[in-house]
*Asks:* 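Quick one: the structure is below, and I'll ask about it shortly.
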Amino acid sequence: MSIHPGQLREYIIRPVLNRIGLYSEAAEELLMLTAATESLCGKFVHQVGGPALGIFQMEPRTHDDIWENFLKYKPALAMHVKTYGRISQQLPGNLYYACAMTRVHYLRVPERLPSAMDVDGLARYWKAHYNTHLGAGKPDEAVENYQRFAVVD
């Protein structure tokens, strides 16, 4: 079972991104693609055979690095994120916190987000900056997962 994409957008992603001041259509679509690809939109909250947690499958090391090397220097943003959580163990069960941390992860990337309408570009961005060259994910699979799990009929 996975999370209905319309509900994930309306009740988790949009409100969180607005609250932390980082909403854009492109960010919304990128987070939808990330959830669709990393966990099949919530089917998995812990990586099979790995350390990643939550519907966005963030590794605890990445989580901690965001706090230690980014949010530490952005107190206003950190304050907003803290309203949702603070520790990596919250990522599997706290959709708000997982969403906020994933958006902050992408915020650290100096490259601009692709257009919300450019799903191929979003998939390449996800691969380069979230899954990375070390990950097993492929942009074409990310596009397929986005179309399968993130598009509302």
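Residue numbers start at 1 and run along the sequence shown. Bear in mind the structure is a predicted one, so any value in this text is a computation, not a measurement.
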*Asks:* Of all residues at least two apart in sequence or in a different chain, which pass the salt bridge (charged side-chain N to carboxylate O under 4.0 Å, His left out) check with Arg19?
*Replies:* none
*Asks:* Show which side-chain atoms of residues 1-8 pair as donor or acceptor with protein atoms under 3.5 Å away, not counting sequence neighbours.
*Replies:*
from	atom 1	to	atom 2	distance (Å)
His4	ND1	Gly6	N	3.0
His4	ND1	Gln7	N	3.4

*Asks:* How many angstroms lie between CG in Asn94 and CG in Leu91, if you round to the nearest 0.5 Å?
*Replies:* 8.0 Å
*Asks:* Considering only residues two or more places apart or on different chains, which pairs with a residue in residues 106-120 satisfy salt bridge (charged side-chain N to carboxylate O under 4.0 Å, His left out)?
*Replies:* Asp65-Arg108
*Asks:* Pairs of donor and acceptor atoms involving the side chains of residues 132-142, under 3.5 Å and at least two apart or interchain, shall be tabulated with distances.
*Replies:*
from	atom 1	to	atom 2	distance (Å)
Thr132	OG1	Leu134	N	3.3

*Asks:* Between Leu53 and Gln47, is a side chain to side chain contact (heavy atoms under 4.5 Å, CB included) present by the stated rule, with each step listed?
*Replies:* CA-CA 6 Å; Leu53 302 169; Gln47 181 183 21; over 6 Å; no
*Asks:* Rounded to the nearest 0.5 Å, how far does CE of Met79 lie from CG of Leu71?
*Replies:* 12.0 Å
*Asks:* Donor-acceptor pair, Thr37 side chain versus Leu33 backbone, under 3.5 Å?
*Replies:* yes
*Asks:* Indicate yes or no for a side-chain donor-acceptor contact from Ser39 to the backbone of Ile55 under 3.5 Å, with no hydrogens or angles considered.
*Replies:* yes
*Asks:* Please collect all salt bridge (charged side-chain N to carboxylate O under 4.0 Å, His left out) contacts where either partner lies in residues 42-56, sequence neighbours excluded, each pair once.
*Replies:* none
*Asks:* Which residues pass the salt bridge (charged side-chain N to carboxylate O under 4.0 Å, His left out) test with Arg14, not counting sequence neighbours?
*Replies:* Glu28
*Asks:* Who are the side chain to side chain donor-acceptor pair (under 3.5 Å) partners of Asn145, not counting sequence neighbours?
*Replies:* none
*Asks:* For Phe56, which residues count as a ring pair (Phe, Tyr, Trp, His ring centres under 6.0 Å) partner, sequence neighbours excluded?
*Replies:* none
*Asks:* Quick one: side chain to side chain donor-acceptor pair (under 3.5 Å) partners of Gln57, sequence neighbours excluded?
*Replies:* none
*Asks:* Could you pull out all residues at least two apart from Glu29 that satisfy salt bridge (charged side-chain N to carboxylate O under 4.0 Å, His left out)?
*Replies:* Arg9
*Asks:* Can you list the residues that meet the ring pair (Phe, Tyr, Trp, His ring centres under 6.0 Å) rule with Tyr84, with sequence neighbours excluded?
*Replies:* Tyr96
*Asks:* Side chains of residues 99-107: which donor-acceptor pairs under 3.5 Å do they make with residues two or more places apart or in other chains?
*Replies:*
from	atom 1	to	atom 2	distance (Å)
Thr102	OG1	Ala98	O	2.8
Arg103	NE	Leu22	O	3.2
His105	NE2	His129	O	2.8
Tyr106	OH	Thr34	OG1	2.7

